[in-house]
Structures are given as C-alpha cells and as structure tokens.
Amino acid sequence: MESLYRPELATITKAAPMTATEKYFEIKLNSGRELGHKPGQFVEVSVFGVGEAPISVSSSPTKKGAFDLVIRKVGNVTGKIHNMTAGSTIGIRGPFGTHFPFDETKGKDILFVAGGIGLVPARSFINYVLDNRKDYNRVTVLFGCRNPNERLFTDELSLWAKRDDVEFLETVDKPLDTNWKGNCGVITTLFPKIKIEPANTFCVIVGPPIMYRFVIKEALDKHIPRHHIYVSLERRMKCGVGKCGHCQINGVYCCQEGPVFKYSDITHLEEAL
Amino acid sequence: MSGANLNIDLHYITRVEGHGNIVVNAKDGKVDKVEWQVPEAPRFFEAMVIGQKWDVVHHITSRICGICSIGHTLASLKATEAAMGIKISEQTLDLRRLAVHAENLQSHVLHIGYLALPDLMGVGSVIPLASSHPEEVKTVVRLHRLANEMSDLICGRTTHPQRLIPGGFAKLPTEEELENLKKRLLTAEPDVMAVAKLVKALSPKLPAFTRETEYVGLTCDSEYALYDGDLASTDGGREPVSKYLSWTNEYCVPQSTAKYTKRKRGSLMVGALARFNLNHAKLTKKAQALAKDLGLVAPCYNPYMNTVAQLVEVAHGFEDAVSIIDSILKKGIKDETPNVKPKAGKGSAAVEVPRGILIHDYTYDGNGVCTKANCIIPTNQNHSNIQLDMEALVPRIIAKPQKEVELALEMLVRAYDPCISCSTHYLKVEFKK
Amino acid sequence: MTKPKVAFFDFASCEGDQLQIANLEEKLLELLEHVEVVSFREVMKEHSDDYDIAFIEGSCTREADEARLKKIRSNAKIVVAIGACATIAGINALKNTRPLDQVRKEVYGDNAKWYETYAARPIDAVITVDFKLHGCPIRGDEFLALCKALLTGQKFVVPDYPVCAECKLAENVCVFEKGMTCVGPVTRAGCGACCVTQGAVCWGCRGLVDDPNKNAHKEVLDKYGLKAEEVMNKFNLYFAYQGGPK
Amino acid sequence: MNAKILTKENLLSFVQNLIKTGEVVGVTKKDGKFAFDHLKRASDLVLDYDVTLLPPKKYVMPQRETLIKFNVKPEVKVEAVVEATPFTLIGVHPYDLKAINQLDRLFEENHVDTNYMKRREQATIIAVTPTRASKWSFWSSMNSIFVETGFDLLLTDIGGRYAVEIGTAHGDELLKKHAKFEEAAPADIEKLESIRSALPKMCSADRKINALTHEMTAILEIHRKSELWEKRAEKCYSCGSCNLICPTCYCFDVKEEIDLNLKDGSRYRVWDGCLLEDFAKIGSGENFREKRADRFRHRFFRKWSYLAAKLTEPACVGCGRCSSVCLPDIADPVKVINELKEEK
C-alpha cells in the first residue's frame with residue numbers, strides 16, 4: 001500500500017509571469033514519468049514547508065515530457081510558488097478528478113466559454129481538440145476577462161484568432177486606457193454573435209463562480225441540452241482523494257466526482273452553482 | 001578634572017521590567033540634579049477591579065505584572081481569603097509555598113543570568129554570551145527552564161497562572177508529577193554552584209558602594225519567610241500585615257508615575273537583600289554556606305549585593321522546595337475542591353515576591369463584589385532608596401568618565417531588579433513638589 | 001541573505017508577552033540564527049531605530065503614546081501587535097467601561113489632571129498592524145510560528161473559530177457542566193483551551209472571533225443563571241473595546 | 001451462543017498482563033467524567049461508564065497524524081510517514097465500535113488511506129456491553145445496541161463476573177495466552193441473554209427518534225428547505241463542538257510545519273469540522289458554505305443522507321455526545337429529526 005499523501009518530486013523547467021497575479025510554470029516529474037492526465041484534471045502541488053494546493057493542468061495531454069500549470073497568487077502555496085524559478089523542486093500528487101468529455105464530443109461541435117483564469121483548464125481541452133482537429137466538428141471559443149491586462153496565453157489567443165478552423169471571440173469587461181480594439185462587455189455579450197446547432201453542440205464552461213449562472217442561462221437559451229453542458233467547479237480540495245471532506249458539494253466530492261461536472265448531474269445540488 | 005561635567009539622560013533603562021529613566025546633571029564637579037524617573041503609563045488597576053467579583057479579581061491583578069504574576073495572584077488570593085474569612089488546607093498552603101519558590105527561582109535566575117551577568121561580563125545582553133560562553137548560558141537556561149516548568153506544574157503557567165484560585169487549586173499536580181519534579185530539582189544543585197562560581201569570580205566588578213538604610217521584609221519564626229509572615233524591619237519592630245499602611249507611607253514625586261515609599265527614614269529597601277539581612281539565620285545550611293562563600297554577610301549595606309542575595313535565595317529555594325514536596329508526598333495528594341461562599345469584608349495580605357513585599361488589600365460587599373482595592377508594590381517601596389542611593393553614589397564617582405558613571409548607575413538600578421510595570425498600577429496620593 | 005532586524009517595544013502592559021518570548025530560551029537562540037534583534041529593552045542594552053519587524057506589546061492609553069507608535073510604524077516594514085493589551089486593549093480596557101472622569105478621580109483624586117490618560121486602545125486603533133499575536137499572555141510557540149511564516153514568506157494563519165473547538169480536542173469537561181461559565185464560545189481559539197485545561201475557565205483573552213454569536217451566548221449565560229450585570233462583566237473582562245452583545 | 005467467563009480478578013490480571021506486554025488504552029476517570037487514556041495499571045480501568053468525553057476514534061484516527069516528512073535544504077527530499085504501532089483498546093461500547101466499523105469502510109473505499117488502515121490493523125479491540133447509558137444517548141434509535149463485528153473480544157458484566165464473547169482468532173489467542181478463564185455455564189448464558197435483551201431499554205424513554213433509520217434519511221430529504229435549519233442556526237456558535245466529539249466525523253485539514261532551522265519539516269493532518277466558518281473557504285477568499293444555516297444543515301445531511309448512501313445506514317450511532325456538548329442545545333439529532341417529522 002503506497003501512501004496517498006506522499007507527493008512525487010518534480011522540477012520547474014520554465015517559469016514566466018503572465019499577468020500581475022498569474023504565472024506560468026512548466027513542470028517535469030523527476031521520475032521521468034508522464035503525468036498522464038486528461039483535459040480538465042488537476043494536481044495537488046506541494047511547496048515543501050508551505051503546503052499543498054489544487055491546481056488545474058493547463059497543457060493538453062498531447063504535450064509530452066512536461067506539463068503546464070498557470071498559478072494565480074491567492075494563498076500561501078500559490079504565493080510562494082510565484083517566487084520560484086526554473087530549477088526549483090516542488091511536489092506533485094495526481095492527476096485527480098474527472099475530465100472534460102473529449103471522447104463523447106468527437107464528431108460534434110464544441111463551444112468553449114472561458115472566463116478569466118477559467119481559460120487555464122479550458123486550454124488543456126482546447127489544445128487537445130486543436131491537436132486532434134479532424135476528430136471534432138465546429139469549434140468555437142469564447143473568452144472574456146476583466147481587462148486587457150488579465151488576458152492569458154496571449155500568443156495562443158492570437159493563433160486561435162488566426163485559425164480558420166476555430167471561431168474565436170473575446171471580450172473584456174473594461175478596456176482600461178489600453179489600445180484595446182476588441183469587444184467590450186461581459187462574456188454573455190458574445191453569445192448573440194455566434195451561431196450554433198444546439199442538438200449537436202457540447203458546451204464547456206469554466207470561469208469564476210459568479211459566471212456560471214449567467215453563461216448556463218445563455219447556453220440553455222440557445223437550446224443546448226442540459227446534458228451537453230459541462231462545467232468545472234472550484235472547491236477546497238485538500239486531500240484530492242475524497243477523504244478530507246472539504247470539497248463536498250452536497251454529497252458530491254468535487255475532487256472525485258468533479259471538478260468537471262455535467263450540468264444535468266448537478267442541477268439538483270443547491271450547493272453547486 | 002575630567003568628567004566634571006556630566007549630562008546623563010538614560011531614557012528607558014534596559015534590562016529591567018518597565019520604563020525608567022536616569023537623569024544626572026553635574027557642572028564643574030558639582031551635582032545639580034540626580035533623578036530616578038518612572039515614566040511608564042499608569043494603568044488604573046484599582047479602578048479596574050471595582051465592580052468585579054471575587055473570583056475574577058486575582059485574574060485581573062495578575063496582569064499588573066507579567067514577571068511577578070504568580071506573586072500578584074497569591075497576594076490577591078490571600079487578601080480575598082482574608083476579607084471573607086476563608087481557611088485554606090494544609091495541602092493548599094504547601095503547594096502555594098512551592099508556587100512562591102517557583103516564581104522566585106525563575107525571576108531570580110532570569111535576573112542574575114540574563115539581566116545582571118551581561119554587565120559583569122562587559123556585554124550588552126545575554127545574546128553574545130551564547131556564543132562566547134555557551135556552557136555558562138546553557139547552565140542558566142537549564143535552571144531557568146526548570147523553574148518555569150515548576151511554575152507550570154504548580155500554577156498552571158509561568159506568566160498569569162491558572163491553577164491558583166480563591167480557597168485552593170483549580171487543578172492539582174499528581175503525586176507522580178511531584179516525584180518527577182523533585183528528581184529534577186535535585187539535579188539543580190551543581191548548576192546553582194556553577195553559577196555561584198561564575199558570580200564569585202566576577203564579584204570584584206560589583207561596585208563597593210554602601211549606604212546604610214532600613215531593610216523591610218516579612219519574617220516568621222518557622223521558616224525563611226516568603227509566603228507568610230509579619231512585617232519586620234532591621235530598624236526594629238514587628239507587626240502583622242494588617243498594619244501595613246504605617247509601614248508603607250506612599251507619596252508621589254513629580255518625575256514618576258509610580259509611587260514612592262518611606263517609613264521612618266527617607267527611604268527603605270525591600271527584596272532579596274532585605275530578606276537576607278532580616279532572616280539569614282533561617283536559610284538552609286547550604287544557602288548560608290554559599291552566602292559566606294560569596295562574601296555576603298548580614299548586615300550588608302551594598303545594594304549591588306542584592307543580586308548575590310538572590311543567588312543565595314536560589315540555592316535556598318531549590319533545597320526548600322524539595323523538602324516541601326517530600327512533606328506533600330508523605331501526606332499524599334488529596335482531591336480538594338475549593339468551596340467559597342462570598343461574603344462582605346475587608347482583608348489585606350502580603351507575600352514576599354522576587355522584589356520584596358507585595359501587599360494587596362480588598363474590600364468586598366455581600367455579593368462578593370470588590371468595592372475598594374489597594375496594592376503596595378515592592379518596586380514602589382524601593383524607588384526612594386534608588387533615588388537616595390544615586391544621590392550618594394554620584395558624588396563619589398563623579399570624577400570617572402561619563403560612560404562609567406552611566407554603567408554604575410544602570411547597574412545600581414538593575415541590582416534592585418525593578419519591576420516598573422508593577423509599580424505604576426495606580427497612583428492616588430498627592431503630588432508633592 | 002541579510003537577517004531581518006527585529007525590535008521589541010512596549011506600552012501600557014505587564015510585559016508578560018516579552019517575557020514569554022524570553023522564556024523560549026534555546027529556541028530564541030536558535031531563532032537568532034535567522035534574525036537580528038536590534039532592540040529588546042527587557043533583555044538587552046543596545047538599541048537601534050533601523051529595524052524591519054517591530055513587535056509591540058501593550059495598549060495605547062495616552063496621547064504621548066501615539067507619536068511613539070507612529071514613529072515605530074514609519075521605521076518598520078512589518079508591525080506585529082503582541083498580546084491582548086496590544087490586540088484588543090486587553091485588561092486595560094476594563095477602565096473604558098466606566099466614565100473616564102470617574103475612574104481618574106477614583107484613582108488620582110484631585111490630581112487627576114496631572115496624569116495623562118484616555119480610554120485604552122489596541123495598537124491598530126492608532127497605526128496599521130500587519131499581524132496580531134493574541135492572548136494574555138501570548139504563546140511562545142505561536143510567536144515562533146509567526147516568525148517562521150515571516151521568514152519563509154508564508155501567510156500567518158490565526159484560527160477563526162471559538163475556543164470550544166480546541167476545548168473539545170483537549171478533552172476537557174465543559175466548564176458549564178462543572179457549574180461555572182465562560183466566554184469560550186465567542187472567543188478566538190489558538191490557545192488550545194489552555195485555561196480550561198488548567199482547571200480555570202476561558203476568560204476571552206484572545207478576543208472575539210470575527211463573527212461571534214454574542215446574542216446566542218448572552219442567552220446561554222442567562223439560561224445558566226447569570227444576572228445581566230454578570231453577563232456584561234463576563235464580556236467586558238477582555239471584550240470591553242470590541243463590544244458585548246446587544 | 002458461546003462465551004468464556006472471567007472473574008473480576010481474572011479480568012484485572014488479564015488486563016495487567018496486556019499492559020505488561022504492550023500498549024493498552026482504556027476508559028479512565030477524568031474530572032468526574034470518563035476518557036480513553038493510556039492505562040498504567042489495570043485498576044485504573046473503568047468498565048461501568050456511561051460515555052467517554054471523546055470517542056475511541058482518537059486512537060484509530062489521531063487528532064494529529066504526520067503524513068510526510070521532508071527536507072528543503074540542502075536538497076528537497078520527501079518520505080511518507082505511517083505512524084502505527086500495536087495497541088489494545090479496551091472498554092469500547094458497541095455504538096463507538098459501530099462508528100469505527102464505518103470509518104474502516106470510508107477510509108478503505110475508493111482510495112485506500114494507508115495511514116488509517118495500517119494503524120487500524122495494529123488495534124486490538126476489546127469491547128464492552130454498556131451497563132448504563134448517558135442521559136443524552138439514543139443508540140437504541142440508531143441500531144447501535146449490538147455490533148457483530150469489529151471487536152476481538154466482547155465483555156459483558158453478568159453480575160460480578162464477565163462473559164467474554166470471542167470476535168476474532170486473534171482475540172481467542174489473546175485470551176488463551178493471557179487470561180485465566182472458564183467455560184460459560186448455561187446459567188451464565190441465560191444471564192448474558194437477559195442482559196442483552198434489556199439493552200434496548202437502557203436509553204431513556206425521551207431519547208427516542210420516532211422513525212426507523214431509513215425513514216430518517218427520507219424525513220431530512222423532504223425537509224431540506226425547512227425553516228428549522230435557519231432557526232436553529234441562529235443560535236449556532238459555529239464552534240464545531242458537535243463535529244469534534246463525534247465518533248463518525250472524519251473530516252481533516254492538512255497542515256505544514258517547518259522546524260526552526262528552516263530546513264526540515266512535516267505535513268500532518270488534524271481533525272476538522274464542517275461547522276467551522278472557514279471549512280469550505282478557498283485560498284482566494286471564496287467561502288462555499290458561508291452561512292451558519294448552510295453549515296448547520298450540511299452536518300445533518302452528510303450524516304443522514306450523503307454518507308448514509310455509501311454506508312446503507314446513517315453515519316450516526318446515537319452516542320449523544322453532540323447533544324451534550326451543544327450549549328445552545330440546537331445540535332441534538334433526536335430533537336431535530338422528531339421536529340422535522342412533525343413538520344408538514
């Protein structure tokens with residue numbers, strides 16, 4: 001019996017700031033093992049001497065040899081890891097949790113709706129889809145954040161925008177005083193701009209807690225079936241293995257039965273959204 | 001003549017508990033001003049306890065001073081018990097005698113090792129000694145920790161004790177714990193002797209200053225008085241503690257937020273040296289031998305020797321504590337739950353705490369609510385003596401370089417081990433110019 | 001890396017918190033491997049105004065204290081209030097519960113005007129405080145935990161739940177069952193319920209939790225036979241500055 | 001039924017022999033109440049107690065348990081820690097044993113919690129039939145009167161002597177090795193049976209939930225939106241007492257400690273409680289169960305609904321500890337469920 005709680009050592013191979021609060025890290029497991037995650041899963045990241053925090057994997061499983069994390073500085077562990085540079089050792093447990101429906105959606109249309117840091121887990125699936133583009137039908141990506149300074153993966157965003165096999169739309173709540181020429185307004189304002197075939201569309205929504213109710217309403221208004229809507233929920237996932245009790249949404253362990261949920265599975269849980 | 005002009009203004013003298021200033025002005029070899037000032041913020045404890053119930057008063061007055069909190073608690077409990085006519089059991093008495101030892105030991109070791117020794121070793125604090133004299137520092141640390149653990153066990157915490165309550169104890173140590181404590185106390189002797197050896201070697205650095213004064217302390221026939229006794233003076237006289245007001249005439253001076261005290265002379269001294277001068281014959285034989293070895297002979301009029309007297313009391317304390325534990329164990333620890341029925345009354349009580357006699361005096365109404373309080377703090381009783389010592393000392397050393405004068409004065413204040421937070425508990429007497 | 005410079009200061013207090021730190025002994029010496037103490041009046045002679053972290057014990061009780069506090073704030077990068085007097089005005093605030101003029105007169109008589117004082121205040125009522133070490137006195141191990149957090153750049157976490165939680169973990173018999181009463185249900189934990197463990201009650205020295213259910217507790221105290229005045233006394237012993245139930 | 005008989009004297013020397021050969025934990029007196037504690041001598045053991053302050057859970061799931069140890073300097077190293085040494089737990093009442101049986105399942109299911117399981121394997125459990133019930137207990141309502149598994153030996157006081165039922169081969173071996181016993185006579189068995197049949201009536205009559213256990217779950221589900229949660233929670237201190245004394249609560253927090261040398265450290269878990277305000281709060285400050293009423297309701301649903309689904313019975317054994325420690329008297333399952341049942 002191997003301990004559930006012993007992290008394996010990993011090394012930061014790249015570290016680069018993305019925004020004032022988000023930093024990108026590329027991680028390699030010291031054992032050489034592939035992480036073997038699926039899009040939407042998370043890992044528990046250890047900074048020894050500080051603690052552990054659940055972090056979504058941001059790279060697609062198609063990326064080999066290393067994986068990406070984008071970490072927002074909010075607490076102890078995330079604050080400390082922001083001070084770390086390439087070559088530093090951290091700990092990794094996982095991957096844990098459920099994943100986005102990359103299999104069921106083959107041959108279907110996918111509508112991605114990512115708000116702010118929600119792009120981080122969504123990117124794992126988006127890049128997976130783009131790397132296996134022929135397996136999927138229409139791909140639409142909606143991305144919104146508070147202001148242009150908070151845009152993540154800007155290089156990739158412009159690549160997506162250029163691709164003709166992806167419909168990419170983005171907006172910011174407030175343009176600030178930058179030369180932002182794009183859309184302004186909350187993410188739901190992008191919905192009237194897109195055309196979808198609801199019965200054939202799967203909708204993947206990731207964003208801050210406040211966003212879900214509004215975006216889900218838009219998706220439902222577009223007649224996307226409940227069981228085609230997927231969300232990724234954030235909770236206090238301390239142990240990652242369904243024991244510690246902190247991440248429960250009603251009776252559901254977010255770290256085990258989530259973080260990715262089919263909307264139709266959680267409509268009856270009043271603690272979910 | 002060098003040093004004929006002195007301008008000393010030592011603001012917030014260090015390595016004492018609380019804030020005190022020394023001001024000396026001298027011109028052309030003539031002393032203009034020598035002043036011991038206490039600028040600590042006054043804290044109004046008397047007003048704080050009014051309206052509070054009998055079972056909270058000791059908790060509040062413990063906060064008069066962090067370092068003498070066990071002493072304040074005991075004086076407070078004794079005064080409450082005196083006011084309400086509460087009798088305590090023999091076991092409670094024995095345990096409280098241990099409590100007094102515990103506090104005196106930890107306070108004395110702290111003062112000798114951390115506060116006084118750095119002066120004798122020519123450094124600013126114990127911190128550099130940790131690397132230059134690691135063995136000596138470890139010895140002091142060991143003794144201090146043992147005394148703290150003894151306080152923890154008997155009183156339920158060193159700073160602001162929890163187990164000491166009106167009528168007895170909220171929680172008792174077990175016999176096994178006392179056995180273990182005794183074993184540990186018995187290991188202290190070599191450490192005490194090691195500190196004594198160090199102090200003896202450094203004692204030539206203690207200024208040979210003497211000024212005859214009056215020494216006041218508790219005294220009793222059966223033992224070296226600490227927990228209980230009558231008021232006594234080296235000038236003669238012995239009276240019960242209830243007469244304390246005529247022994248501790250408090251008055252105010254403009255430079256201090258703490259009261260000063262005098263009896264018949266201009267000042268008096270309380271504390272380890274006073275106790276030694278009064279009661280040395282009741283020390284354990286080993287402590288008496290140690291005093292002799294360290295050149296401490298009663299009557300001793302050198303205030304700097306107070307630190308040596310504390311060391312002698314440390315030797316006495318460790319030994320006496322062992323015999324108290326023996327006597328408790330012989331009788332066995334009995335479960336006793338204090339059962340106090342509050343009633344109206346007035347009571348005063350005294351305990352010999354590290355710095356001298358501490359007196360609390362309370363009046364309660366029929367519901368056990370405190371209506372009046374008075375606390376006489378040892379350091380207050382010493383302030384006048386510090387002032388008069390300084391006035392006598394400065395002219396004698398005025399020719400020395402200012403730094404040396406400063407150090408001599410600081411060492412003098414430190415020798416009294418003043419507890420200034422205590423002494424500013426409140427002020428109530430008139431301001432005299 | 002240069003060691004952070006640390007200084008200790010005190011205002012109206014018993015200095016018991018600094019004593020708790022001095023009592024850490026070997027651990028304090030070990031801590032000195034990582035920090036440089038430049039001012040600690042209680043144990044050392046040296047003093048410098050060049051410090052990074054200021055630990056302040058005691059309450060602000062007079063105007064003269066404010067200037068000194070502001071000077072400390074401007075010198076220090078991090079200010080830590082240590083002990084109940086500094087964090088919640090502690091026992092000092094007992095005097096706030098009665099008219100100040102009356103209190104001063106009671107104590108000083110006709111000379112009240114010579115002694116500067118006002119209602120006791122915690123340090124953060126005068127200057128910004130970065131961290132608080134609660135308790136009367138503080139716990140040595142919590143002081144060390146804070147130091148370690150500062151040294152390793154971590155957040156310092158103070159429990160925000162009532163003492164009852166820790167009292168249960170300590171497997172104490174509830175003081176209410178023993179015929180006594182306490183304010184543990186509204187007091188911030190972090191002490192391990194040390195007073196109850198030692199046979200006493202929780203007095204409230206770590207201050208109220210962020211969201212205390214004061215009215216529920218007032219009801220419970222009523223139920224256990226406390227008169228209105230006694231209930232207020234319970235709350236005022238340490239919460240006089242923070243306030244009691246409605 | 002098969003049982004051995006130990007006289008009081010033989011029981012004492014049995015316990016004394018166990019103490020001689022290993023760590024023994026038993027029920028002792030504490031401040032007028034009872035607590036499981038390290039047993040120094042057999043005579044300190046109390047078997048006719050009502051309830052202990054904390055359940056014996058604290059020995060299979062310690063309040064603080066190290067999970068990993070690590071070094072940060074000079075290089076990062078990490079090792080798993082499993083703290084488990086053999087011990088005997090003596091004096092466990094059936095309801096507390098039932099709780100341990102439930103924990104066994106919950107820690108084993110899905111991902112096996114090595115730290116728990118290894119420690120659990122080291123435990124020898126000697127249960128005892130209650131001779132009295134605390135005034136708060138309602139174990140009769142929770143089907144916790146008899147437990148068939150989980151114990152190595154089960155003691156029952158049959159009037160000055162103890163009947164010993166054997167639960168495992170290990171228990172049998174222990175008895176043979178360390179105790180002087182005799183076979184039970186028919187009269188002893190008769191006595192044992194009459195004691196057992198009287199057990200359901202031991203909890204006082206007003207400590208009864210007016211529903212079967214599976215009905216309780218249904219009652220809660222129907223009244224998920226009842227005003228009761230809000231009303232009771234108005235008086236809730238959020239102190240977590242009801243969680244921390246519970247034999248089936250097993251939520252934990254994970255914490256980190258680094259030594260003063262800033263080089264070595266450990267990660268450990270400590271008991272946590274879902275009533276505590278920050279239980280569901282994440283690093284960014286978002287609190288997913290911020291309202292007292294939501295936390296208050298969650299505890300009931302977790303025990304009677306969420307865990308009940310996994311365990312096929314509620315995760316409440318009726319020990320009554322939560323009812324007894326709740327000063328505002330809002331946490332008592334007997335009152336809550338009966339009140340809900342009365343609601344329309």
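Every chain is numbered from 1, with letters handed out A, B, ... down the list of sequences.
- Counting heavy-atom pairs closer than 4.5 Å to chain C, the top-ranked of the candidates B/R145, B/R63, B/Q52, B/R163 is B/R63.
- Panel note: side chain C/R98, backbone B/A47; a donor-acceptor pair is recorded below 3.5 Å.
- Of all heavy-atom pairs spanning B/A170 and C/G199, the tightest one is CB-O, 3.3 Å.
- Using a 4.5 Å cut-off between heavy atoms, C/L19 touches chain B through its side chain atoms alone.
- In this structure, NZ in C/K234 is found 9.5 Å from NZ in B/K53, a value given to the nearest 0.5 Å.
- When side chains are defined from C-beta on, C/C195 counts as touching B/R157, because their heavy atoms get closer than 4.5 Å.
- To the nearest 0.5 Å, atom CG of residue B/L164 and atom CD of residue C/Q198 are 10.0 Å apart.
- Side-chain contact check for C/L94 versus B/F45: every heavy-atom pair is 4.5 Å or farther apart.
- Rounding to the nearest 0.5 Å places NZ of B/K138 at 10.0 Å from CG of C/L29.
- To the nearest 0.5 angstrom, B/L110 atom CG is 7.0 Å from C/N23 atom CG.
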TODO: Decide side chain to side chain contact (heavy atoms under 4.5 Å, CB included) for C/L237 and B/I60; before the verdict, give the C-alpha distance in whole Å, the side-chain angles of both, and the deciding distance to 0.1 Å.
DONE: CA-CA 8 Å; C/L237 189 58; B/I60 297 170; 3.6 Å; yes
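- Using a 4.5 Å cut-off on side-chain heavy atoms (C-beta onward), C/E26 and B/V141 make contact.
- Surrounding NZ of C/K27 are at most 12 heavy atoms belonging to other residues, nucleotides or ligands under 6.0 Å away.
- When heavy atoms are compared at a cutoff of 4.5 Å, C/C136 approaches chain B by way of both its backbone and its side chain.
- Here the side chains of C/L32 and B/I127 are in contact, with some heavy-atom distance below 4.5 Å.
- Using a 4.5 Å cut-off between heavy atoms, B/T158 contacts chain C through its side chain alone, with no backbone atom that close.
- The line from CE of C/M180 to CG of B/D55 is 10.0 Å long, rounded to the nearest 0.5 Å.
- When heavy atoms are compared at a cutoff of 4.5 Å, C/E229 does not approach chain B at all.
- C/C14 places a side-chain heavy atom less than 4.5 Å from the side chain of B/H160.
- In this structure, CE on B/M48 lies 8.5 Å from CG on C/N96, to the nearest 0.5 angstrom.
- When heavy atoms are compared at a cutoff of 4.5 Å, C/L28 does not approach chain B at all.
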